[in-house]
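Since this is a predicted model, take the numbers as computed values, not measurements. Chain identifiers are assigned alphabetically (A, B, ...) following the order of the sequence lines, protein sequences preceding nucleic acid strands; residue numbering begins at 1 within each chain.
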There are 2 protein chains.
Amino acid sequence: MGRSGVQELRAGLRPGAHGQEIELRFRKGEIIFFQGDRSDGWFEVVSGIVRTCRFHIDGHRQLTGFYYKGDAFGVECGRREAAAEAVTNAILSRHFAAAGELESSSQNHALERALESANQCIFLLGRRNANERVAAFLLIAAERLESPESIPLPMPRSDIADHLGLTIHTVSRTISGFVRRGLIELDGPQMCRIIDVEGLMAVAGEEVEAAIERLHTAGPSSVAVHPRGERL
Amino acid sequence: MGRSGVQELRAGLRPGAHGQEIELRFRKGEIIFFQGDRSDGWFEVVSGIVRTCRFHIDGHRQLTGFYYKGDAFGVECGRREAAAEAVTNAILSRHFAAAGELESSSQNHALERALESANQCIFLLGRRNANERVAAFLLIAAERLESPESIPLPMPRSDIADHLGLTIHTVSRTISGFVRRGLIELDGPQMCRIIDVEGLMAVAGEEVEAAIERLHTAGPSSVAVHPRGERL
DNA sequence: CGAAACCTTGACTTTAATCAAGGTACGTGG
DNA sequence: CCACGTACCTTGATTAAAGTCAAGGTTTCG
């Protein structure tokens, strides 16, 4: 049912400035492309917010990224690894991939950005507990939006949860915890103000005590790096 | 201490076939490059296994991938996002990035493979429990090694743990659990045989239909996709 | 005003981390 | 060759964290 609507909307695209680029509008909640679609180019966010998501077999969703103004997404070749959807009303600039040599450097750049974005997602998911993940998520959002204090969170809690590998309950409780500890304040569930950046960064990096405790463990990393004291 | 050894080894590189490529040998445990190093090219695995890892502030390690014969790693530009280390003795082919137009299509290809690898890592970490993650890890290793039944696991359990976001204890217990359930067998901790592929896939949550699912994902996504029943 | 979607919180359960102890494989040197 | 040390692996008991179940509250919009 949704699919035909998207096709319609795609048909309604308007030619952009360069022939190679096209500007598209999507409304909140609309699908930009489906997981498994044949890929014929990538997108850049002009305004609004976009999410990409993949589905596990049990229906459980993994959001692989949120994309803000200037971010690129959907750079994969062949088939779409993840679906893309508009979190808010959004304007996108579309770039076609198969355009040959002229395009290759910009495609390269887009690929690099996509890789960076993927690495950021890995780094978020690699954190060990909910506090770290949510704090890091908020700080990243603040940085991406270039809004040092005020962070709009137009995505539902379920999006944040599926991005961080948590449940909406844990996300909600964690955010409430931050409010209780005076790290942030909420103006409604969709608007967050950071009160104590330092404190939030400390949480994101892990509580101080835990970090110290780990240093005393005599660097598990260096051990792991040279498992058998291999000499070079 | 390790660094000087690596530099020495780098000095000992031998010119390869095409001038643009060089073949390098690393011994088990050696560092290929450090996180934060300036990037001047990427690598392809000729033989052996390589891991890439990033470190969180607390010293906690995140392995972002294992790379087997034919895999590319270290494709990022600017500075290395992650360190790379030889899990086993390894032979690598080195590709220089700044070589201009001729190289750009192969760099593009390498970037795409790197992105795929990152996505796989996200998909592993996105799984909800230890059973799913370990089972998926084993299946992926089997597939990558093109060894349908016998999976060598030359990396220590700590590597697997840091890759999957678990502890070595949980990894060990989970593997033991699979053995107890008759899904796999171990010939020593570093050699694993899959007894019941179907069963393991069922545990991983990624049944044979997974590939198919990806092709027509319209169903389950449309629910999540239209949180407010937005009409197009 | 009512409905729908979304958010928060409390009580309880499950899962994985932590703490602690042994066990195994393997290389080194006596 | 065997004893020893080191790194690595496994397992049991306990604790901490996040998931689940359940209920009620808030926001938004028609």
Side-chain angles (χ1 to χ4, degrees), chain A residues 27-29 58 60 87-88 125-135 152-162 164-180 184-192 203 206-207 209-210 213-214 216-231, chain B residues 27-29 58 60 87-88 125-134 153-162 164-180 184 186-192 203 223-231:
Chain A
R27 289 183 42 211
K28 175 177 175 177
D58 56 3
H60 153 220
V87 174
T88 62
L125 288 171
R127 279 159 201 272
R128 283 193 315 331
N129 61 50
N131 280 340
E132 285 182 24
R133 291 187 201 179
V134 175
L153 297 173
M155 67 291 284
R157 294 285 186 269
S158 58
D159 278 6
I160 301 176
D162 288 347
L164 301 179
L166 301 169
T167 62
I168 56 172
H169 312 280
T170 299
V171 170
S172 185
R173 273 191 259 265
T174 304
I175 289 177
S176 299
F178 290 168
V179 171
R180 217 171 301 121
I184 62 173
E185 279 179 3
L186 293 178
D187 300 335
Q190 306 206 324
M191 182 56 68
C192 170
V203 171
E206 174 160 315
E207 340 275 15
E209 31 163 330
E213 177 213 349
R214 270 177 204 263
H216 285 305
T217 323
S221 58
S222 61
V223 172
V225 162
H226 292 279
R228 298 218 172 153
E230 201 88 16
R231 81 204 49 184
Chain B
R27 291 186 40 213
K28 175 177 175 175
D58 57 3
H60 154 220
V87 174
T88 62
L125 288 170
R127 279 159 201 274
R128 283 191 317 332
N129 62 48
N131 280 339
E132 283 182 25
R133 291 188 201 179
V134 175
L153 297 173
M155 67 291 284
R157 294 285 187 268
S158 59
D159 278 7
I160 300 175
D162 289 347
L164 301 179
L166 302 168
T167 62
I168 56 172
H169 312 280
T170 300
V171 169
S172 185
R173 272 190 258 267
T174 304
I175 289 177
S176 299
F178 290 168
V179 171
R180 216 171 301 122
I184 62 174
L186 293 179
D187 300 336
Q190 306 206 324
M191 183 55 70
C192 171
V203 171
V223 175
V225 156
H226 293 280
R228 296 211 176 159
E230 201 86 19
R231 80 204 51 184

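G165(A) comes within 4.0 angstrom of sugar-phosphate atoms only, judged by non-hydrogen atoms across all strands, and of no base. As judged by a 4.0 angstrom heavy-atom cut-off over every strand, S172(B) is placed among the base-contacting residues. Residue L166(A) is classed as a sugar-phosphate contact, given heavy-atom separations below 4.0 Å to backbone atoms only. L186(A) comes within contact range of the sugar-phosphate backbone alone, with a heavy-atom separation under 4.0 Å but no base atom that close.
Listed candidates were dG19(D), dT20(D), dA17(D). Nearest to the side chain of N129(A) is dA17(D).
Taking atom CZ of residue R128(A) and atom C1' of nucleotide dT18(C), one finds them 12 Å apart after rounding to whole Å. One interatomic measurement links the two molecules: NE2 of H169(B) to C1' of dA13(D), which rounds to 13 Å at whole-angstrom precision. Atom-to-atom, CE of M155(A) to C1' of dA5(C) comes out at 17 Å; the value is rounded to the nearest Å. Regarding D162(A), its CG atom lies at a distance of 12 Å from the P atom of dC7(C), rounded to whole Å.
Listed for the S176(B) side chain is a donor-acceptor partner under 3.5 Å among the backbone atoms of S172(B).
Below the 3.5 angstrom threshold, one finds a donor paired with an acceptor across the side chain of R173(A) and the base of dT20(D).
At least one side-chain heavy atom of R133(A) sits under 4.5 Å from a side-chain heavy atom of L166(A).
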